[in-house]
Amino acid sequence: MENFYDRVAKKFGGYAFGSSKTKAKKEYPSQDPEEVFKTKLVDLAGKDKKALDIGCGDGKFAFEIAANFGHIQGIDNSVELIKIALTKKNTLEVDNVDFKIEDASTISFSDGSFDIAFCRRGPGFYKEYYRVLKNAGYYLEIGIGEQDCVDVKKMFGRGQNYGEWDSPRLLKDKDQFVRIGFKVIFAEDFIYNEYYDSIEALNDFLQGVPIFEDFDSEKDKSNLESYCKRFEGKKGILLPRHRVVYVVQK
Ligand SMILES: C[S@@+](CC[C@H](N)C(=O)[O-])C[C@H]1O[C@@H](n2cnc3c(N)ncnc32)[C@H](O)[C@@H]1O
């Protein structure tokens with residue numbers, strides 16, 4: 001079967017929902033985890049720093065923060081997303097960002113190549129990330145927590161990390177970071193709500209994200225209708241979200 005992100009890239013011309021094309025309303029009890037992640041990354045950045053963007057997708061985020069770094073190397077195993085990132089690089093004429101098709105489990109760069117490595121909702125091959133960091137280098141991540149979209153997955157009877165909601169990701173990852181040799185500087189859960197203003201908006205969103213890699217608007221119509229009926233309120237159709245944000249140091 002074709003890589004999910006290659007399919008999304010061809011359909012939407014990029015990783016559309018990296019920037020959330022569907023404008024869901026978001027309600028944060030405390031802070032927006034994306035903002036927390038970005039602020040922490042920019043605080044550690046510098047014009048003398050080389051960074052690795054792991055699972056960079058179409059490069060949107062790398063371009064957004066490029067001015068803060070000496071150089072950013074994006075890697076991703078989606079051929080189609082890297083094609084789009086390289087086209088964007090030419091159009092935007094950003095010199096200090098490069099992109100390469102690579103699997104994050106076996107990065108081609110030598111040990112100690114980067115001051116900072118970061119990952120936005122990409123894969124977690126932490127031992128490999130430790131290897132490519134310089135001593136005292138930082139790894140930062142915003143990832144999907146185990147409580148993300150649990151009710152919609154239960155309603156569909158499948159989905160990303162299905163059934164893992166009783167196993168806290170943060171604890172497992174912290175333990176793994178320490179075993180590898182990282183010092184955990186920051187590790188927090190962020191739970192918040194998203195509200196969709198119609199079933200069509202939620203249907204569009206689900207086509208472009210890996211919550212159900214096999215989402216099919218026709219086949220999943222009745223599942224989605226049942227979910228919307230049950231979770232529709234005054235603010236819209238509720239989709240509870242869960243993110244984890246990490247900063248660890250080699
Ligand atoms: C949820 S998307 C996030 C994309 C981008 N970081 C962003 O924030 O918009 C996850 C990305 O990780 C990439 N990815 C997944 N597994 C990978 C692997 N083993 N090696 C490299 N990239 C991978 C996917 O192709 C995809 O682009």
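Note that the structure is predicted; figures quoted are calculated from it, not measured. Throughout, residue positions are numbered sequentially from 1 according to the sequence presented. When a ligand or atom number is given, it counts from 1 through the structure's own listing order.
- Of the candidates Asp76, Ile101, Ile54, it is Asp76 that places a heavy atom closest to atom 26 (C) of ligand 1.
- A distance below 6.0 Å separates the ring centres of Phe99 and Phe63.
- Proximity of Phe4 to ligand 1 is not established, as no heavy-atom distance is less than 4.0 Å.
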For Gln73 and Phe109, run side chain to side chain contact (heavy atoms under 4.5 Å, CB included): C-alpha distance rounded to whole Å, both residues' side-chain angles, the deciding distance at 0.1 Å, then the answer.
-> CA-CA 10 Å; Gln73 176 66 57; Phe109 293 88; 3.6 Å; yes
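- When only interatomic distances are considered, the shortest N/O to N/O separation between Ile75 and ligand 1 does not fall below 3.5 Å.
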Yes or no on side chain to side chain donor-acceptor pair (under 3.5 Å) for Asn3 and Ser78, after CA distance, side-chain angles and deciding distance?
-> CA-CA 7 Å; Asn3 174 304; Ser78 161; 4.6 Å; no
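- Listed by number with element, the atoms of ligand 1 under 4.0 Å from a non-hydrogen atom of Leu81 are 27 (O).
- Heavy-atom contacts of Phe125 reach the following atoms of ligand 1: 19 (N) (cutoff under 4.0 Å).
- Of the listed options Glu80, Glu128, Arg120, Arg120 places a heavy atom closest to atom 7 (C) of ligand 1.
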Name each donor-acceptor pair under 3.5 Å that joins a side chain in residues 35-47 to protein atoms two or more places apart or in another chain, with its distance.
residue: Lys38; atom: NZ; partner: Glu64; partner atom: OE2; Å: 2.9
residue: Thr39; atom: OG1; partner: Glu35; partner atom: O; Å: 2.7
residue: Lys47; atom: NZ; partner: Ala67; partner atom: O; Å: 2.5

Stepwise side chain to side chain contact (heavy atoms under 4.5 Å, CB included) check, Leu202 with Phe231 = CA-CA 12 Å; Leu202 184 54; Phe231 289 92; over 6 Å; no
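- Shown in contact with Arg121 at under 4.0 Å from a heavy atom are these atoms of ligand 1, numbered in order with element: 1 (C), 7 (C), 8 (O), 10 (C).
- Contacts with ligand 1 closer than 4.0 Å are made by side-chain heavy atoms of Pro123 only, the backbone lying farther away.
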